[in-house]
Participant: 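Shown below is the structure under consideration.
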Number of protein chains: 2
Amino acid sequence: MVTIHDVAKLAGVSVATVSRVMNDHARVAEKTKTRVERAINELNYAPSVLGRNLRTSKSSLLLVLIPSISNPFYTEIINGIEDTAIARGYNILLCETDSNPQRETIYFNLLRNRLAEGIISMDPSVNKNKLNELAESYPIIQCSEYDTESPIPYVTIDSEKAAYEAVTHLIELGHRKIALINSDERFLYARQRRNGYEQAMKQHGLAIREEWLYNAPQLKFAAGQEAISTLMQLEDKPTAIFAVSDIYAIGALKEIHRKGKKVPEDIALIGFDKISFSDMACPSLTTISQPMYEMGRISAEMIMDKLNGVNVSSKVLEHRLVCREST
Amino acid sequence: MVTIHDVAKLAGVSVATVSRVMNDHARVAEKTKTRVERAINELNYAPSVLGRNLRTSKSSLLLVLIPSISNPFYTEIINGIEDTAIARGYNILLCETDSNPQRETIYFNLLRNRLAEGIISMDPSVNKNKLNELAESYPIIQCSEYDTESPIPYVTIDSEKAAYEAVTHLIELGHRKIALINSDERFLYARQRRNGYEQAMKQHGLAIREEWLYNAPQLKFAAGQEAISTLMQLEDKPTAIFAVSDIYAIGALKEIHRKGKKVPEDIALIGFDKISFSDMACPSLTTISQPMYEMGRISAEMIMDKLNGVNVSSKVLEHRLVCREST
DNA sequence: GTGAAAGCGCTAACAC
DNA sequence: GTGTTAGCGCTTTCAC
């Protein structure tokens with residue numbers, strides 16, 4: 001491995017001068033600079049991030065915590081984070097937590113070790129206490145999912161309102177029996193979307209039947225399919241379904257077809273997120289569009305502001321109802 | 001930040017002893033050990049990866065290079081890599097290259113800096129010269145896409161044979177006019193799958209018409225849709241299509257429906273990869289299944305073997321034709 | 001069994 | 001403008 005010493009030797013200068021050239025700090029004579037740069041090129045020198053970090057406590061690395069890489073919702077957010085971070089000289093360390101506390105600890109330690117400078121967390125099941133503790137010393141932003149009790153700034157949408165609008169859309173189409181396919185209600189967004197659903201139902205004087213409320217165990221297509229199997233066995237079947245994720249909606253769509261029913265004629269269906277595949281489903285999915293890329297971009301900007309000592313405050317972005325063929 | 005010195009002070013020992021306890025190296029007196037461990041817990045000490053790496057040139061970090069995080073094909077491979085790596089005490093630094101040479105350089109430097117110990121590359125458009133040069137000094141594995149000219153070990157499938165089987169499947173169903181939706185043929189897999197397509201056609205005495213060969217500019221649903229727009233304008237329309245990625249096939253499916261045609265009655269369609277969406281499409285997609293998770297697992301094992309000085313050799317895994325409703 | 005000290009590659013304060 | 005040097009947090013010889 002070629003070090004700063006090798007470069008200094010070849011250029012006939014001190015390591016300090018090489019360092020100065022690398023970081024173009026103090027004024028270095030044009031001639032010396034050229035000589036050093038030539039040496040750098042000749043040796044194909046790349047400064048050790050390790051040595052530099054150890055000295056400066058800066059790593060230009062951001063930790064991004066996601067529960068699973070397999071959900072297109074997250075990948076779109078990550079695109080936003082990554083573009084923004086890279087433009088400002090930062091890189092991303094993508095950490096799939098799998099909602100596993102042990103993995104979380106590993107990643108948290110990277111932060112405490114100064115290997116990373118801050119965290120953008122999208123993990124709903126993250127250890128909140130630890131995260132709050134960490135947030136006292138390090139820049140942390142929550143993206144999408146957040147903790148109402150915590151002072152950690154977040155970027156999100158108004159899930160309750162969005163859910164309210166989704167269900168209202170179904171009601172306006174004439175539906176009275178509307179089921180909800182929800183996630184695990186340990187998650188804030190799941191509770192919020194349920195609230196939105198209930199509000200819309202109540203406000204229109206519609207009954208909410210316990211049996212129309214389905215909580216999926218995992219964020220997978222299969223969960224949407226299973227939800228339909230359950231709901232279609234009911235005596236009093238729903239005529240419309242609000243799924244809190246496109247993933248569930250797509251699974252549901254598949255299963256409805258398999259049962260020989262039609263969307264939206266027999267059952268209307270609305271999803272949430274507007275993942276790219278939602279437009280490829282047939283019929284294409286009516287859904288609530290989240291500004292995923294934008295959420296990523298803003299999270300990244302917020303954390304880099306924090307890194308620079310700028311005060312940041314939480315942001316709630318706009319969602320949008322996208323009417324397509326499934327309603 | 002609490003350092004090894006703080007622990008040493010509190011425990012009333014030297015930093016060397018703390019280090020020994022941390023790495024349970026030399027024999028440390030049971031009593032001293034307990035004392036040190038108590039201090040570690042009390043201070044909530046986590047050793048600095050930076051300091052350690054600088055000293056040992058080990059980071060327990062693996063670089064994973066992918067062109068884009070948005071493709072479910074890659075995410076499934078990453079799951080395999082991650083599970084395997086974590087089980088062996090390694091972590092993943094996921095690097096989205098966007099096929100951008102500048103980003104690649106950043107990530108390559110992480111390796112040269114000893115911030116990462118090895119690379120698993122899935123990037124087909126990676127700078128091959130640089131990668132080969134790097135491979136002389138560092139453990140590198142190519143996953144899925146590889147370079148025939150290079151000595152770098154790889155894990156992949158037999159794309160040519162798989163394509164041959166896919167097309168043969170269509171021919172056996174009675175199709176004579178078969179189109180190919182291919183990727184950019186700069187990529188090896190694209191050339192291989194084209195070869196497989198041509199072999200199958202020739203062997204069955206079928207004509208290959210230039211106009212049935214479509215090369216998509218990007219790996220997006222839209223590319224599959226555009227392919228259909230083009231193919232359906234032909235005078236001599238194909239009756240079946242082999243798409244080298246499920247992404248193209250799903251886009252194609254959508255566009256075929258939009259044009260009021262039916263799959264498989266009017267046009268049969270076969271994809272490649274068996275991404276999770278492929279089963280949610282309607283009709284569900286016939287496709288070539290790649291053992292993505294397995295490819296990831298094996299890549300990770302290979303690179304960790306290399307890290308331990310074990311010799312590794314390239315592996316070609318089995319694919320499988322999965323017949324579903326689109327053919 | 002434990003401590004002292006060198007040194008990994010780098011930056012920055014201080015000297016000249 | 002440039003060089004000398006201390007020291008970031010850690011591991012590992014070498015003494016004792």
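Order of the sequence lines fixes the chain letters, A, B, ..., with proteins taken first and strands second; residue numbering starts at 1 for each chain.
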Participant: Could you list the donor-acceptor pairs under 3.5 angstrom formed by side chains in residues 148-155 of chain A, with sequence neighbours left out?
Facilitator:
| unit_1 | atom_1 | unit_2 | atom_2 | d |
| --- | --- | --- | --- | --- |
| A:Ser150 | OG | A:Asn132 | OD1 | 2.9 |
| A:Ser150 | OG | A:Ile152 | N | 2.9 |

Participant: Hey, can you pull the residues of residues 27-34 of chain B with a non-hydrogen atom under 4.0 angstrom from DNA chain C?
Facilitator: B:Arg27, B:Val28, B:Ala29, B:Thr32

Participant: Assign a letter to each nucleotide of nucleotides 9-16 of chain C from its 5' end: B, base within under 4.0 Å of a protein heavy atom; S, sugar-phosphate only; -, no contact.
Facilitator: BBBBB---

Participant: Name all pairs fulfilling the ring-ring contact (aromatic ring centres under 6.0 Å, His included) condition that reach into residues 68-125 of chain A, sequence neighbours left out, sorted by first residue then second.
Facilitator: none

Participant: Any ion pair linking B:Glu301 and B:Arg297 (charged N to carboxylate O, less than 4.0 Å)?
Facilitator: yes

Participant: Checking B:Lys33 now: which residues fulfil side-chain contact (heavy atoms from CB on, under 4.5 Å) with it, not counting sequence neighbours?
Facilitator: B:Val21, B:Val28, B:Glu30, B:Glu37

Participant: Once side chain to side chain donor-acceptor pair (under 3.5 Å) is applied, do any residues pair with B:Ser14, and if so which ones, sequence neighbours excluded?
Facilitator: B:Thr17

Participant: Taking 5' to 3' order, which nucleotide of DNA chain D is first and which is last to have an atom within less than 4.0 Å of a heavy atom in chain A?
Facilitator: D:dG1 to D:dG9

Participant: Please report the end-to-end axis angle for the helix from C:dG1-D:dC16 to C:dC16-D:dG1, five pairs per end, rounded to 10 degrees.
Facilitator: 40°

Participant: Got a sec, which residues hit side chain to side chain donor-acceptor pair (under 3.5 Å) with A:Thr97, two or more places apart in sequence or on another chain?
Facilitator: A:Asp123

Participant: Can a donor-acceptor pair be found between the side chains of A:Tyr189 and A:Ser144 at a distance below 3.5 Å?
Facilitator: no

Participant: Is it the case that atom CG in A:Asn308 sees more than 12 heavy atoms from other parts of the structure closer than 6.0 Å?
Facilitator: yes

Participant: According to side-chain contact (heavy atoms from CB on, under 4.5 Å), who are the partners of B:Arg112, at least two apart in sequence or on a separate chain?
Facilitator: A:Asn44, A:Ala46, B:Asn109, B:Leu134, B:Tyr138

Participant: Checking side-chain polar atoms at under 3.5 Å, does B:Asn127 have a donor or acceptor matched by the opposite partner on B:Glu104?
Facilitator: no

Participant: Going by side chain to side chain donor-acceptor pair (under 3.5 Å), name the residues that satisfy it together with A:Lys9, two or more places apart in sequence or in a different chain.
Facilitator: none

Participant: Applying side chain to side chain donor-acceptor pair (under 3.5 Å), can you list everything that pairs with A:Thr56, at least two apart in sequence or on another chain?
Facilitator: none

